[in-house]
Amino acid sequence: MAKSKNWTREQTIVAFNVYCKIPFKNSSKTHPTIIKFANIIGRSPSALNMKVGNFGRLDPELQKRGITGLANGSKLDEVIWNEFHGNWDDLAYESEKLISQFQNKTIIETNEIDLTDFPEGKDVERLVKTRVNQNFFRSSVLSSYYQKCCITGICISDFLVASHIIPWSLNKAERINPRNGLCLNSIHDRAFDKGFLTITADYEVKISDAICEHKENESIADFFLKYNKQKISLPDKFLPSQEFLKYHTDNIFRG
């Protein structure tokens with residue numbers, strides 16, 4: 001696609017998608033993700049990197065932590081931010097559809113969705129949207145934590161889970177919100193999901209008495225007890241919501 005001078009709405013929405021999928025501090029014109037999506041939307045890597053920086057200046061959570069993006073940005077950046085920030089379900093699906101359209105592919109192809117897994121008689125479009133949005137959530141959460149478990153630091157991608165703080169089934173509005181996510185390894189994700197551990201509102205690991213009962217087991221000590229009262233590693237952006245963490249501690253944790 002030929003490069004144009006002015007950013008379109010479609011290109012800007014994709015840029016917001018990229019903002020969500022790359023650690024803010026790592027963004028540069030040489031980053032592979034920046035280069036990949038710049039080629040997809042027909043912009044230069046420098047231009048896309050600048051657009052990611054523009055979105056950074058609009059992020060109130062970054063501002064609270066003293067992290068600022070670029071000083072200037074377009075009105076269109078603000079329009080897209082205001083339209084989609086907090087409206088994660090629509091951002092995820094619309095931006096992924098646009099990425100597919102820029103490549104003249106279907107959203108099923110670009111997200112590598114195997115339709116043979118889908119139950120017969122179900123609404124395929126609805127199930128595809130769910131899968132696409134789940135992929136977006138995972139990418140956004142894991143990239144914000146630099147692909148490392150926030151408790152243990154494990155960095156093997158196949159072992160990592162974008163864990164929902166408020167479970168998927170309990171709050172539809174926050175399902176795709178990256179601030180409702182933690183990057184955990186699969187064991188601690190399972191323990192978190194079942195309430196054997198929680199993360200407090202001050203970002204500290206808290207282990208349930210239900211696990212402490214097995215403290216004589218060496219593996220329990222290694223996997224869980226040694227992390228009790230330890231601070232988690234905080235993400236680059238999308239700091240986990242204290243409100244959501246409090247919900248988990250109050251309602252799911254086996255205190």
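Both L239 and L58 are part of a single hydrophobic cluster, where members link through side-chain heavy atoms under 4.5 Å apart. In the hydrophobic clustering of ILVMFWY residues, with side-chain heavy atoms under 4.5 Å counting as a link, V52 and I35 come out apart. Tracing side-chain contacts under 4.5 Å through hydrophobic residues (I, L, V, M, F, W, Y), one reaches I199 starting from Y227; they form part of the same cluster.
Summarising the local packing, NZ of K36 is surrounded by 12 or fewer heavy atoms from other residues, nucleotides or ligands at distances under 6.0 Å. Around the CZ atom of R254, the shell of radius 6.0 Å holds more than 12 heavy atoms that belong to other residues, nucleotides or ligands. The neighbour count for Q147 CD, taken as heavy atoms of other residues, nucleotides or ligands under 6.0 Å away, is above 12.
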Next item on the list: Go through the steps for I187 and T152 under the test side-chain contact (heavy atoms from CB on, under 4.5 Å), then give the verdict.
Entry: CA-CA 11 Å; I187 291 178; T152 65; over 6 Å; no
Margin query: Is there a side-chain contact (heavy atoms from CB on, under 4.5 Å) between N111 and R131? Walk through the geometry before answering.
Written below: CA-CA 9 Å; N111 281 265; R131 188 70 58 81; over 6 Å; no
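D77 and S74 share a donor-acceptor pair across their side chains, judged by distance under 3.5 Å alone. Side-chain atoms of S44 and S46 form no donor-acceptor pair, as typed in the model, at a separation below 3.5 Å. Residues Y247 and N171 have side chains that never bring a donor and an acceptor to within less than 3.5 angstrom of each other.
A donor-acceptor contact shorter than 3.5 Å links the side chain of H248 to the backbone of F192. Between the side chain of N185 and the backbone N or O of C149 there is no donor-acceptor pair closer than 3.5 Å.
Taking the six-membered ring where the residue is Trp, F137 and H164 present parallel rings, their angle staying beneath 30° rather than reaching 60°. Ring pair F16/F55 is parallel by interplanar angle, where below 30° counts as parallel and above 60° as perpendicular.
By the 6.0 Å and 45° rule, K25 does not stack over the aromatic ring of Y146.
Judged as a salt bridge (Lys or Arg N to Asp or Glu O under 4.0 Å), and not counting sequence neighbours, the contacts of R179 are E61. Not counting sequence neighbours, D202 has no partner by the salt bridge (Lys or Arg N to Asp or Glu O under 4.0 Å) test.
Contact of the S27 side chain with the I34 side chain is registered, since non-hydrogen atoms from C-beta on lie closer than 4.5 Å. For the pair L225/I220, a side-chain contact is recorded, criterion being any heavy-atom separation below 4.5 Å from C-beta on. Residues T198 and I252 fail the side-chain proximity criterion, which asks for heavy atoms closer than 4.5 Å. Counting heavy atoms from C-beta outward, I151 and L197 have side chains that approach closer than 4.5 Å.
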Would you tabulate the side-chain donor-acceptor contacts of residues 82-91 under 3.5 Å, counting partners in other chains and residues two or more places apart, or write 'none'?
unit_1, atom_1, unit_2, atom_2, d
N82, ND2, E78, O, 3.1
E83, OE1, R9, NH1, 2.9
E83, OE1, R9, NH2, 3.3
E83, OE2, R9, NH2, 2.9
N87, ND2, D90, OD2, 3.1
W88, NE1, N177, OD1, 3.3
D89, OD1, N133, ND2, 2.9
D89, OD2, K129, NZ, 3.4

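Evaluated for a side chain to side chain contact (heavy atoms under 4.5 Å, CB included) with L98, the options T8, T12, I13 yield exactly one hit, I13. Among the candidates F224, F159, F223, the single residue satisfying the ring-ring contact (aromatic ring centres under 6.0 Å, His included) test with H188 is F224.
Shortest non-hydrogen contact noted between W7 and A47 is CZ2-O, 3.6 Å. Across every non-hydrogen atom of A15 and K51, the tightest pair is CB-CG, 3.5 Å.
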